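Everything quoted here is computed from the prediction, not taken from an experiment. Every heavy atom of this structure was used, including side-chain atoms; hydrogens, water molecules and symmetry mates were not.
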Protein chains: 2
Amino acid sequence: MPWQFDIPEATVQRLSTYLTILRRLEGQGMPTVASSDIAHLANVNAAQVRKDLSYFGDFGRRGLGYRVPELREHLQRILGLSEGRNVIVIGAGNLGSALVGYPGFEPRGFHVVGIFDSDPAKSGSKLYGHEIFPMDRLAELVPRIGAEIAIIAVPGPAAQSVANDLVAVGIACILNLAPVHVNIPAGVACRRVDMTGQLEVLSFCLSSFSSAPEGEQVQ
Amino acid sequence: MPWQFDIPEATVQRLSTYLTILRRLEGQGMPTVASSDIAHLANVNAAQVRKDLSYFGDFGRRGLGYRVPELREHLQRILGLSEGRNVIVIGAGNLGSALVGYPGFEPRGFHVVGIFDSDPAKSGSKLYGHEIFPMDRLAELVPRIGAEIAIIAVPGPAAQSVANDLVAVGIACILNLAPVHVNIPAGVACRRVDMTGQLEVLSFCLSSFSSAPEGEQVQ
DNA sequence: CAGTGTGAAGCGCTTCACAGCT
DNA sequence: AGCTGTGAAGCGCTTCACACTG
């Protein structure tokens with residue numbers, strides 16, 4: 001996951017959480033907020049909030065806290081969201097369709113600007129007003145529509161091949177929803193969201209291993 | 001996230017990854033596998049794989065590695081997946097619908113056994129063969145259908161209230177897909193999957209902060 | 001005073017390195 | 001020789017504590 005300076009990945013993830021919180025506070029008309037308030041809403045330590053923010057500047061005023069709209073704007077800029085981001089979705093199956101119709105992306109600045117599917121039968125048909133393109137038009141269309149981020153929403157076995165295609169046409173940021181790790185060259189950022197994997201962690205919480213008294217079960 | 005013994009959360013997450021890998025290897029007929037092979041496929045250190053597994057027992061044979069079907073079974077048991085898990089989905093909107101139709105759950109042992117939605121207009125209609133129930137039947141139906149895990153697939157503002165309802169009817173494991181942190185009492189496990197948050201991390205990779213804070217390109 | 005910014009301590013995960021089986 | 005299991009070292013994130021400031 002390539003960024004050059006000494007900023008923990010966990011910090012960047014929390015920044016995204018803080019941004020969501022600040023948007024809500026701003027909507028409620030709150031003028032300022034203390035690190036301890038943000039911390040409470042994000043379920044982290046207050047010093048953590050301050051340290052996270054201090055990587056990027058001195059945004060607070062001592063004795064007062066942070067001005068909500070100001071900090072919200074800073075976070076947006078830090079995360080590169082000031083002008084929104086163009087996203088393409090690969091895979092127009094069940095998952096891909098849901099993504100394209102998901103109303104949560106636009107308000108947070110992500111615009112779906114293209115859908116691709118390897119199935120020629122799907123080409124030309126529309127999904128929530130977006131045309132589905134065949135995979136072999138990727139190289140032609142990615143620069144034209146200004147795609148910056150690609151979401152892989154294909155079945156596991158196809159994910160690596162799709163990732164290769166994306167890298168080949170110059171995509172540098174990939175969100176992988178398939179339940180497999182894909183290899184990508186250095187310089188390309190790839191993150192994976194594995195819902196089923198999270199369900200498996202929850203299943204572990206239910207299993208005897210997470211609660212059974214000492215020594216039982218382990219052979 | 002409540003489990004009593006000293007097992008890192010990251011370890012449990014990786015176990016889920018290993019299980020996926022082992023299923024693939026088993027499908028390919030591979031009889032044994034070395035920690036270094038698993039490590040390569042999961043993109044982690046080989047010692048990490050061995051240490052993760054050693055929390056739960058001595059599954060390997062020195063000089064040989066791990067027997068694939070045997071280890072796969074162990075992992076399934078550790079994760080509490082031997083008999084599958086019953087899941088309910090709260091929210092029959094865009095996201096909820098996609099989940100119910102998502103073909104990736106069943107093969108990994110998660111059975112959708114109920115869909116709930118607060119909108120009375122949706123009650124009674126069907127989604128991929130599953131009836132949609134009104135929220136006020138939660139208390140009655142959860143024990144009857146044996147629901148163990150709930151997925152919150154409602155908009156952010158409704159998430160906390162839904163979480164409260166789930167806890168009230170005895171659900172102890174929650175997967176939260178809403179982009180907000182929800183407060184839950186100790187003893188209840190709650191995990192969040194925030195796709196938009198991951199997109200924001202990727203956006204950070206594209207932003208000037210990740211590559212050139214002072215206008216300098218370091219490479 | 002209230003609350004930020006931050007060096008330093010704390011802590012837990014990751015990696016190393018090697019003893020010990022097969 | 002090949003590979004596991006594991007104590008110990010390494011390392012980086014988190015938390016503490018406090019100087020400092022409006």
Side-chain angles (χ1 to χ4, degrees), chain A residues 1-18 21-22 25 30-68 70-72 74-75 78 181 201 204 218-219, chain B residues 1-18 21-22 25 30-68 70-72 74-75 78 181 201 204:
Chain A
M1 229 59 42
W3 55 72
Q4 281 89 328
F5 300 96
D6 187 23
I7 295 160
E9 176 171 332
T11 289
V12 180
Q13 293 211 54
R14 282 189 297 266
L15 253 38
S16 155
T17 303
Y18 303 157
I21 288 169
L22 282 159
L25 295 179
M30 194 156 298
T32 63
V33 67
S35 62
S36 57
D37 301 330
I38 299 175
H40 185 75
L41 292 167
N43 205 34
V44 299
N45 184 292
Q48 182 81 81
V49 174
R50 296 198 296 276
K51 182 145 285 192
D52 285 341
L53 296 175
S54 74
Y55 282 111
F56 301 94
D58 293 2
F59 304 133
R61 334 247 151 164
R62 296 174 193 236
L64 188 88
Y66 303 84
R67 299 188 192 214
V68 171
E70 188 183 308
L71 183 56
R72 194 260 304 142
H74 277 305
L75 287 176
I78 292 165
H181 177 266
V201 175
F204 176 81
V218 184
Q219 62 173 35
Chain B
M1 227 55 47
W3 55 72
Q4 279 93 321
F5 300 96
D6 186 23
I7 295 160
E9 175 171 332
T11 289
V12 180
Q13 294 212 53
R14 281 190 297 268
L15 252 38
S16 153
T17 304
Y18 303 157
I21 288 168
L22 281 159
L25 294 179
M30 194 156 299
T32 63
V33 66
S35 61
S36 58
D37 301 329
I38 299 176
H40 184 75
L41 292 167
N43 205 33
V44 298
N45 184 292
Q48 183 81 81
V49 174
R50 295 197 297 275
K51 182 145 287 192
D52 285 341
L53 296 175
S54 73
Y55 283 111
F56 301 95
D58 292 3
F59 304 132
R61 334 250 150 160
R62 297 173 193 234
L64 189 88
Y66 303 84
R67 299 190 192 212
V68 172
E70 189 184 309
L71 183 56
R72 193 260 305 141
H74 277 305
L75 288 176
I78 291 165
H181 177 264
V201 176
F204 175 81

Please write out each protein N/O paired with an N/O of nucleotides 2-4 of chain C under 3.5 Å, distance rounded to 0.1 Å.
{"unit_1": "C:dG3", "atom_1": "O4'", "unit_2": "A:G63", "atom_2": "N", "d": "3.2"}
{"unit_1": "C:dT4", "atom_1": "OP1", "unit_2": "A:S35", "atom_2": "N", "d": "2.6"}
{"unit_1": "C:dT4", "atom_1": "OP2", "unit_2": "A:S35", "atom_2": "OG", "d": "2.8"}
{"unit_1": "C:dT4", "atom_1": "O2", "unit_2": "A:R62", "atom_2": "NH1", "d": "2.9"}

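- Mapping heavy-atom proximity under 4.0 Å, the span of DNA chain D touched by chain A runs 5' to 3' from D:dC13 to D:dG22.
- Classified by interplanar angle (parallel below 30°, tilted 30° to 60°, perpendicular above 60°), the ring pair B:F59/B:H74 is parallel.
- Nearer to the 5' terminus of DNA chain D, by closest-nucleotide assignment, is the contact made by B:L53 (compared with the other of B:L53 and A:I7).
- Minimum interatomic distance between B:A47 and B:N45 (heavy atoms only, all atoms of both residues): N-OD1, 2.7 Å.
- Across all non-hydrogen atoms, the minimal contact from A:L22 to A:L75 is CD1-CD1, 3.2 Å.
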Next item on the list: Step by step, work out the side chain to side chain contact (heavy atoms under 4.5 Å, CB included) result for A:E9 and B:F204.
Entry: CA-CA 10 Å; A:E9 176 171 332; B:F204 175 81; over 6 Å; no

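- With a 4.5 Å cut-off on side-chain heavy atoms, B:V44 and B:D52 do not count as touching.
- Each of A:R14 and B:S54 was matched to the nucleotide of DNA chain D holding its nearest heavy atom; the match closer to the 5' end belongs to B:S54.
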Checklist line | Stepwise side chain to side chain contact (heavy atoms under 4.5 Å, CB included) check, B:F56 with B:L15 | finding: CA-CA 11 Å; B:F56 301 95; B:L15 252 38; 3.4 Å; yes

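- B:V49 and B:S35 make their closest contact through CG2-O, 4.0 Å (heavy atoms, listed as atom of the first residue, atom of the second, distance).
- Within the 4.5 Å cutoff, side-chain heavy atoms of A:L71 are placed close to those of A:I38.
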